[in-house]
Amino acid sequence: MRERFWELPLEQLDGREWEALCDGCGRCCLVKLEDEDSGEVAFTDVACGYLDTEQCRCRVYPERHHYVPDCVEVTAEVAQHFDWLPDTCAYRLRARGRPLKAWHPLLSGRPESVREAGVSVAGRVVSETAVDEADLEEHIIHWVN
């Protein structure tokens with residue numbers, strides 16, 4: 001990978017660089033609820049059933065669209081225009097010309113820095129397989145924005 005590739009525009013990243021930009025926080029894998037009237041998005045502490053909730057990695061990543069057809073693939077376009085990505089997301093930050101956070105593993109050199117910074121969902125969420133869809137509103141959280 002190129003030196004300091006994370007400072008390049010997203011469109012210039014190759015596949016390996018793109019994947020390395022992910023900080024592994026797991027926030028994009030949380031179930032989100034959208035208010036029909038305002039369009040406001042609320043995050044829940046309920047994660048996709050395929051997210052390893054301790055390691056914050058998708059258990060079926062290469063085949064995720066087979067198992068979850070509506071899983072949104074984060075692209076440069078998505079990062080630029082979709083506000084449901086958390087404010088801390090490296091893709092969202094870079095799409096808007098902002099630098100990575102100091103705790104990002106590419107800067108810290110340590111994957112555990114995401115958890116230490118309080119950004120990771122590891123150990124803080126439950127799988128959607130354990131929650132009834134009718135109860136999702138009870139799981140709205142405010143520690144992700």
Side-chain angles (χ1 to χ4, degrees), residues 5-108 110-145:
F5 66 86
W6 55 87
E7 295 176 348
L8 296 171
L10 293 177
E11 296 82 8
Q12 293 181 17
L13 302 183
D14 67 27
R16 285 185 57 226
E17 292 167 339
W18 180 267
E19 294 297 327
L21 193 57
C22 176
D23 59 38
C25 72
R27 290 178 170 201
C28 61
C29 298
L30 297 180
V31 174
K32 293 161 264 320
L33 302 175
E34 184 176 2
D35 184 288
E36 291 179 14
D37 297 324
S38 70
E40 184 177 335
V41 175
F43 284 83
T44 70
D45 65 357
V46 179
C48 172
Y50 294 104
L51 182 71
D52 178 326
T53 58
E54 287 302 316
Q55 299 299 314
C56 286
R57 293 292 180 193
C58 180
R59 290 190 206 104
V60 294
Y61 188 73
E63 303 89 28
R64 67 193 181 282
H65 293 108
H66 172 75
Y67 294 103
V68 185
D70 62 345
C71 178
V72 177
E73 184 169 348
V74 179
T75 63
E77 175 91 9
V78 167
Q80 180 66 40
H81 300 290
F82 284 62
D83 288 336
W84 58 262
L85 285 172
D87 293 341
T88 57
C89 176
Y91 297 110
R92 184 174 183 177
L93 290 169
R94 293 305 304 133
R96 294 174 176 165
R98 298 186 186 126
L100 299 182
K101 301 289 186 178
W103 48 259
H104 193 288
L106 290 171
L107 299 180
S108 71
R110 302 172 33 254
E112 61 273 9
S113 61
V114 180
R115 189 183 288 219
E116 292 166 356
V119 179
S120 174
V121 303
R124 302 170 79 180
V125 297
V126 296
S127 173
E128 67 184 344
T129 59
V131 177
D132 188 292
E133 190 173 338
D135 297 331
L136 284 174
E137 284 189 20
E138 296 173 23
H139 289 269
I140 291 175
I141 54 174
H142 301 284
W143 49 266
V144 173
N145 52 2

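Side chains are part of it too, since the values below use all heavy atoms of this structure and drop only hydrogens, waters and symmetry mates.
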**OP:** Over all heavy atoms of both residues, which pair between L10 and A79 is shortest? Give the atoms and the distance, please.
**Re:** CD1-CB, 4.0 Å
Original post:
Say you draw a straight line from OH of Y61 to CG of D52; how long is it, rounded to the nearest 0.5 Å?
Top reply: 15.5 Å
**OP:** Can you measure from OG (S108) to CD (E116) and round to the nearest 0.5 angstrom?
**Re:** 8.0 Å
Original post:
Does the side chain of D83 come within less than 4.5 Å of V41's, by heavy atoms?
Top reply: no
**OP:** Answer yes or no: is there a donor N or O on one side and an acceptor on the other, between the side chain of E128 and the main chain of G49, under 3.5 Å?
**Re:** yes
Original post:
Is the backbone of H139 close enough, under 3.5 Å, to the side chain of T44 for a donor and an acceptor to pair up by distance?
Top reply: no
Subject >> Non-hydrogen side-chain atoms of D45 and V121 separated by less than 4.5 Å >> reply: no
Original post:
Can you tell me how far the CH2 atom of W6 sits from the CG atom of L107, to the nearest 0.5 Å?
Top reply: 6.0 Å
Subject >> Distance in Å, T53 OG1 paired with R124 CZ, rounded so as to fall on 0.5 Å steps >> reply: 13.0 Å
Original post:
Should we count CZ of R16 as having more than 12 external heavy atoms under 6.0 Å?
Top reply: no
Original post:
So, do C22 and R57 sit near enough that their side-chain heavy atoms are less than 4.5 Å apart?
Top reply: yes
Original post:
Can you check ring pair (Phe, Tyr, Trp, His ring centres under 6.0 Å) on F43 and W143, steps first, answer last?
Top reply: CA-CA 9 Å; F43 284 83; W143 49 266; 8.8 Å; no
Original post:
To the nearest 0.5 Å, how far apart are NE2 in H65 and CD in E63?
Top reply: 11.5 Å
Original post:
Distance-only, no hydrogens or angles: does the E17 side chain make a donor-acceptor pair with backbone N or O of D14 under 3.5 Å?
Top reply: yes
Original post:
Got V78 and W84 here, is their nearest side-chain heavy-atom distance under 4.5 Å?
Top reply: yes
Subject >> All side chain to side chain donor-acceptor pair (under 3.5 Å) counterparts of Q55, not counting sequence neighbours >> reply: none
**OP:** Taking atom CZ of R59 as the centre, report whether more than 12 heavy atoms of other residues, nucleotides or ligands fall under 6.0 Å from it.
**Re:** yes
**OP:** Identify the two heavy atoms, one from Y91 and one from W18, that lie closest to each other, and give their separation to 0.1 Å.
**Re:** OH-O, 2.6 Å
Original post:
If you look at every heavy atom in A20 and L106, which pair is closest and at what distance?
Top reply: O-CD1, 3.6 Å
**OP:** Taking all heavy atoms of L93 and all of P99, pick out the closest pair and write down the distance.
**Re:** CD1-O, 3.7 Å
**OP:** State, to 0.1 Å, how close E11 and A76 come at their nearest heavy-atom pair, and which atoms those are.
**Re:** OE2-CB, 3.7 Å
Original post:
Run the salt bridge (Lys or Arg N to Asp or Glu O under 4.0 Å) check on R92 and D87 step by step: do they pass?
Top reply: CA-CA 7 Å; R92 184 174 183 177; D87 293 341; 3.1 Å; yes
Original post:
Taking atom NZ of K101 as the centre, does the number of heavy atoms from other residues, nucleotides or ligands within less than 6.0 Å exceed 12?
Top reply: no
**OP:** Could you tell me whether the side chain of S113 and the main chain of W103 form a donor-acceptor pair under 3.5 Å?
**Re:** yes
Subject >> Intermediate values then yes/no, side chain to side chain donor-acceptor pair (under 3.5 Å), H104 and D23 >> reply: CA-CA 6 Å; H104 193 288; D23 59 38; 4.7 Å; no
Original post:
Counting only N and O atoms by type, is there a donor-acceptor contact under 3.5 Å from the side chain of R27 to the main-chain atoms of C89?
Top reply: no
Output a table of donor-acceptor pairs, distance under 3.5 Å, between side-chain atoms of residues 129-137 and any protein atom two or more places apart or on a different chain; print 'none' if there are none.
from: T129; atom 1: OG1; to: S127; atom 2: OG; distance (Å): 2.9
from: D132; atom 1: OD1; to: A134; atom 2: N; distance (Å): 2.8

Subject >> Gap separating the NZ atom of K32 from the CG atom of L85, nearest 0.5 angstrom >> reply: 8.0 Å
**OP:** Kindly give the heavy-atom pair with the smallest separation between R94 and E7, and that separation in Å.
**Re:** NH2-O, 2.8 Å
